[in-house]
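Computation of the quantities below employed the complete heavy-atom set of this structure, encompassing side-chain atoms and omitting hydrogens, waters and symmetry-equivalent molecules. What you see is a predicted model, and the numbers here were worked out from it, not measured in a lab.
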Amino acid sequence: MIPVPALETPPAIAAPAPERSVATDAELRVAAALTEARVHVDSSFRGADIVLYGAVFNPTDRPVDVVVVVRGPEAPVRLVQKVQRAGVWINSRPVLFEGAPGFYMTASTRPLSDIANFGQLRRLGVGVDHLRINAPDERRTVTRYGVRDVVVSRLGDDYLDWRRAVIRLKEAAALYDTDPDGVTFVDRGLFRAEVKLPAVAPTGQYYAEVWLFQDGAPAAVSNLTLTVEKIGFERDIYEFAHRRPWSYGVLCVLLAAAIGYGASRVFRRS
């Protein structure tokens, strides 16, 4: 499957406001922070490594698990498939997927399937297998494992293959990552995880959720925000291109024509 340049909706449950720690169990609480809350992108940007650290307040001896989820801004993903018609390979009808985050990372103290069951993870939208990525043309609602879900009917049995292709392409670009050992406790109650942003990470607002699980159920959550933004000359060009697309297109054509004319004169003299 070949992507053609043209993510995840928030969890189904109500999420607390950013930069807040909310406990669903009065005895448990988790607090977290990022070493950098703002990442600047310019022509020399080669990616960034951000450390997320926090503390678990657990007055009991019952074990807990920490799951970190980082979601980037959503963007539609357009896919086509090479099909053979009358002996000629052509592109199939494009399929547009919506709800796919431009960046998605999970890190946990152990594999997600060992922390909570399918229903809990699906309800919270935790894990790439539980992202609500759908083609908007035709939808039908089904209930699986007690969780309401939306399934695309137009693609039929091929839907899962197309969905896996979306995830596979994002993983190949280092935009999706799952690390079952990405959260480590450095001391009693203190933990850390790394958020690795690739050079192609989209700009915009990122949301980080730090879930605290106990006995297979979410016990507390801490919400953080991260901003990835362009700076300098690149930012000026980006904003001009989006605010005045027609003017930007005309200027690009004129610039290309001027460069072509100049190059032809130089090579003609030589």
Side-chain angles (χ1 to χ4, degrees), residues 7-26 28-41 45 47-58 64-75 99-110 112 115-116 120-121 123-128 130-132 170 174-187 189-198 200-214 217-231:
L7 236 178
E8 173 65 36
T9 52
I13 63 173
E19 274 75 38
R20 287 187 56 197
S21 297
V22 175
T24 56
D25 187 327
L28 291 175
R29 186 164 63 90
V30 60
L34 294 165
T35 53
E36 296 181 59
R38 191 174 295 272
V39 176
H40 293 155
V41 177
F45 182 72
D49 292 337
I50 303 171
V51 175
L52 185 149
Y53 59 93
V56 175
F57 302 92
N58 181 14
V64 295
D65 287 291
V66 176
V67 177
V68 175
V69 180
V70 181
R71 308 169 191 264
E74 294 182 4
F103 177 87
Y104 187 83
M105 183 210 81
T106 60
S108 52
T109 50
R110 53 186 178 139
L112 294 175
I115 295 176
Q120 286 283 10
L121 297 175
R123 183 174 65 88
L124 300 175
V126 174
V128 293
H130 306 291
L131 290 176
R132 301 176 182 92
K170 294 287 190 179
L175 291 171
Y176 282 13
D177 183 41
T178 301
D179 190 351
D181 301 312
V183 177
T184 57
F185 281 93
V186 296
D187 199 352
L190 302 178
F191 64 88
R192 71 187 300 275
E194 288 189 9
V195 180
K196 296 183 179 180
L197 296 178
V200 294
T203 57
Q205 197 82 356
Y206 287 59
Y207 298 95
E209 302 166 342
V210 183
W211 290 96
L212 183 65
F213 283 83
Q214 188 174 64
V221 62
S222 180
N223 284 253
L224 308 168
T225 57
L226 170 68
T227 301
V228 179
E229 60 181 358
K230 295 180 181 292
I231 61 171

Practice task
Hey, could you give me the CZ/NE2 distance between F45 and H40, rounded to the nearest 0.5 Å?
Solution key: 11.0 Å
Handout entry: Worked check of side chain to side chain contact (heavy atoms under 4.5 Å, CB included) between F191 and V210
Key = CA-CA 11 Å; F191 64 88; V210 183; 3.8 Å; yes
Exercise for the section: Could you go through the side chain to side chain contact (heavy atoms under 4.5 Å, CB included) check for V195 and D49 one step at a time? Expected result: CA-CA 6 Å; V195 180; D49 292 337; over 6 Å; no
Exercise for the section: Kindly indicate whether the side chain of V67, heavy atoms from C-beta on, has any atom under 4.5 Å from the side chain of L112. Expected result: yes
Practice task
Hey, could you give me the CD1/CZ distance between I50 and R38, rounded to the nearest 0.5 Å?
Solution key: 12.0 Å
Problem - T106 vs V68 side-chain heavy atoms within contact, under 4.5 Å - result: no
Exercise for the section: Let me see the working for R110 and D65 under salt bridge (charged side-chain N to carboxylate O under 4.0 Å, His left out), right down to the final yes or no. Expected result: CA-CA 8 Å; R110 53 186 178 139; D65 287 291; 2.9 Å; yes
Handout entry: Side-chain heavy atoms of E229 within contact of T203, under 4.5 Å
Key = no
Handout entry: Closest approach of M105 to E194 (non-hydrogen atoms, all atoms of both residues)
Key = SD-O, 3.6 Å
Problem - Between T227 and Q205, a side-chain donor and acceptor under 3.5 Å - result: yes
Practice task
Determine, step by step, whether S108 and I115 satisfy the side chain to side chain contact (heavy atoms under 4.5 Å, CB included) criterion, reporting the C-alpha distance in whole Å, the side-chain angles of both residues, the deciding distance to 0.1 Å, and the verdict.
Solution key: CA-CA 9 Å; S108 52; I115 295 176; 3.9 Å; yes
Fill in the blank from the handout: Of all heavy-atom pairs linking A201 and L175, the shortest is CA-CD2, 3.9 Å
Problem - Heavy-atom check, side chain of V186 versus side chain of Y53, under 4.5 Å - result: no
Completion exercise
Closest non-hydrogen atoms of L190 and A55, given as atom of the first, atom of the second and distance, are CD2-CB, 3.7 Å
Problem - Within-4.5 Å side-chain heavy-atom neighbours: L224 and Y207 - result: no
Fill in the blank from the handout: On a heavy-atom basis, the closest approach of V30 and S222 is O-CB, 3.7 Å
Practice task
List in chain and number order the residues that pass ring-ring contact (aromatic ring centres under 6.0 Å, His included) with Y206, two or more places apart in sequence or in another chain; answer none if no residue qualifies.
Solution key: F103
Completion exercise
What one should report as the nearest heavy-atom pair of D181 and T109 is OD1-O, 4.1 Å
Handout entry: pair E209-R71: side-chain heavy atoms closer than 4.5 Å
Key = yes
Exercise for the section: Is it possible for you to check whether R29 lies under 6.0 Å from the centre of the six-membered ring of F57, through NZ or CZ, and within 45° of that ring's axis? Expected result: yes
Problem - Side-chain heavy-atom pair R192, T184 within 4.5 angstrom cut-off - result: yes
Fill in the blank from the handout: All heavy atoms of P198 vs all of A174, minimum pair found to be CG-O, 3.4 Å
Problem - Name of the residue among D177, V70, V69 meeting side chain to side chain contact (heavy atoms under 4.5 Å, CB included) with Y104 - result: V69
Exercise for the section: Report yes if the side chains of V221 and N223 come closer than 4.5 Å at any heavy-atom pair, otherwise no. Expected result: yes
